[in-house]
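Single-structure report; data block below.
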Amino acid sequence: MNVDWVRKYCLVLPHATETVQWGANLVFKIGGKIFAIAALEPSSHWLSFKCSPENFAELVEREGIVPAPYLARAQWVALQSEDALRVAELKRLLRDAYDLVFAKLTKKVQRELG
């Protein structure tokens, strides 16, 4: 699984951080809140991310995209393979995930992050 380009893209977003959690998952955060999770080892899901309710409903209808285990109630989807979405669309959705999570941060944290 090639998560290098996802990692590079997510870390270009302002104040985004990464950490390895739950064994073999690369977790991307803004203000301490998760916006995307990438599998570092072979798994049934390659990448999971937050999305809007509208995008969630549309995306889970597509082949290779499912509600993310444990996170679907919070409008997260999981990609079963790298080719489930085109790179340009996935980049847009990752930016949307980042923006959705940033918008839910407290005003104080948003100000601190700029």
Side-chain angles (χ1 to χ4, degrees):
M1 301 278 175
N2 181 10
V3 298
D4 290 338
W5 75 264
V6 172
R7 180 179 180 271
K8 288 176 185 172
Y9 178 76
C10 287
L11 292 178
V12 167
L13 300 172
H15 306 289
T17 61
E18 69 176 338
T19 186
V20 175
Q21 286 183 229
W22 309 299
N25 291 294
L26 189 57
V27 178
F28 300 98
K29 300 179 181 183
I30 176 65
K33 302 293 183 181
I34 302 170
F35 68 91
I37 304 169
L40 293 173
E41 295 179 354
S43 171
S44 60
H45 301 107
W46 175 66
L47 179 69
S48 300
F49 54 89
K50 173 88 172 141
C51 55
S52 69
E54 298 81 19
N55 282 340
F56 179 84
E58 176 193 323
L59 290 169
V60 296
E61 295 295 321
R62 294 189 190 182
E63 184 76 25
I65 304 174
V66 297
Y70 309 108
L71 297 170
R73 64 180 170 77
Q75 310 298 312
W76 278 65
V77 296
L79 307 183
Q80 295 176 317
S81 67
E82 292 181 57
D83 61 355
L85 290 170
R86 293 183 181 166
V87 171
E89 183 176 16
L90 181 52
K91 284 182 176 181
R92 181 184 58 79
L93 290 166
L94 287 169
R95 178 60 196 229
D96 289 349
Y98 170 91
D99 290 340
L100 286 166
V101 173
F102 183 85
K104 292 287 186 175
L105 297 174
T106 65
K107 297 298 180 196
K108 179 183 177 190
V109 172
Q110 289 179 7
R111 280 192 306 275
E112 289 171 356
L113 293 175

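Computed from a predicted structure; not experimentally measured.
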Exercise for the section: May I ask you to test the Gln80-His45 pair for a side-chain heavy-atom distance under 4.5 Å? Expected result: yes
Problem - Min side-chain heavy-atom separation Asn55-Leu93 under 4.5 Å - result: yes
Exercise for the section: Decide yes or no for Leu13 and Phe35: does some side-chain heavy atom of the first lie under 4.5 Å from some side-chain heavy atom of the second? Expected result: yes
Problem - Salt bridge present between Asp4 and Lys8 (N-O < 4.0 angstrom) - result: no
Practice task
Look at the side chain of Tyr98 and the backbone N and O of Pro14, then say whether any donor-acceptor pair between them is shorter than 3.5 Å.
Solution key: yes
Exercise for the section: Evaluate the side-chain proximity of Val20 to Leu26: yes if any heavy-atom separation is below 4.5 Å, no if none is. Expected result: yes
Handout entry: Minimum side-chain heavy-atom gap Leu59-Arg62 below 4.5 Å
Key = yes
Fill in the blank from the handout: The reported gap from CD in Glu61 to CZ in Phe56 (rounded to nearest 0.5 angstrom) is 10.0 Å
Exercise for the section: Please examine the side chains of Leu90 and Phe49, heavy atoms only from C-beta on, and report whether any two atoms are closer than 4.5 Å. Expected result: yes
Exercise for the section: Report the C-alpha distance between Val3 and Leu47 in whole Å, list the side-chain angles of each, state the deciding distance to 0.1 Å, and finish with yes or no for side chain to side chain contact (heavy atoms under 4.5 Å, CB included). Expected result: CA-CA 9 Å; Val3 298; Leu47 179 69; over 6 Å; no
Problem - Donor-acceptor contact below 3.5 Å, side chain Lys50 vs main chain Ile34 - result: no
Problem - Residues Cys10, Leu94; criterion side chain to side chain contact (heavy atoms under 4.5 Å, CB included); working and verdict - result: CA-CA 7 Å; Cys10 287; Leu94 287 169; 4.2 Å; yes
Handout entry: For Ser48 against Ala78, the heavy-atom pair lying closest together
Key = OG-CB, 3.5 Å
Exercise for the section: Working to the nearest 0.5 Å, report the span between CG of Leu11 and CD of Glu18. Expected result: 4.5 Å
Exercise for the section: Consider only side-chain heavy atoms of I, L, V, M, F, W and Y, link residues closer than 4.5 Å, and tell whether Leu79 and Leu100 are in one cluster. Expected result: no
Completion exercise
In terms of heavy-atom contacts, Lys91 and Trp5 come closest through CG-CZ3, 3.8 Å
Practice task
Return each pair, listed once, that meets side-chain hydrogen bond (donor to acceptor under 3.5 Å, both in side chains) where at least one residue sits in residues 102-114; pairs must be two or more places apart or across chains.
Solution key: none
Problem - Leu71 reachable from Val27 in the ILVMFWY side-chain graph, under 4.5 Å edges - result: yes
Handout entry: Heavy-atom side-chain contact between Leu113 and Phe102 under 4.5 Å
Key = yes
Problem - Closest non-hydrogen atom pair, Val77 against Cys51 - result: CG1-SG, 3.8 Å
Practice task
Any chance you could measure Ile65, atom CD1, to Leu85, atom CG, to the nearest 0.5 Å?
Solution key: 4.0 Å
Problem - CG-CH2 distance between Leu40 and Trp22, expressed to the nearest 0.5 angstrom - result: 12.0 Å
Handout entry: Min side-chain heavy-atom separation Trp76-Ile37 under 4.5 Å
Key = yes
Handout entry: Neighbour count above 12 (heavy atom, 6.0 Å) for Arg95 CZ
Key = yes
Problem - Spacing of CD belonging to Glu89 relative to CG belonging to Asp96, to within rounding of 0.5 Å - result: 10.0 Å
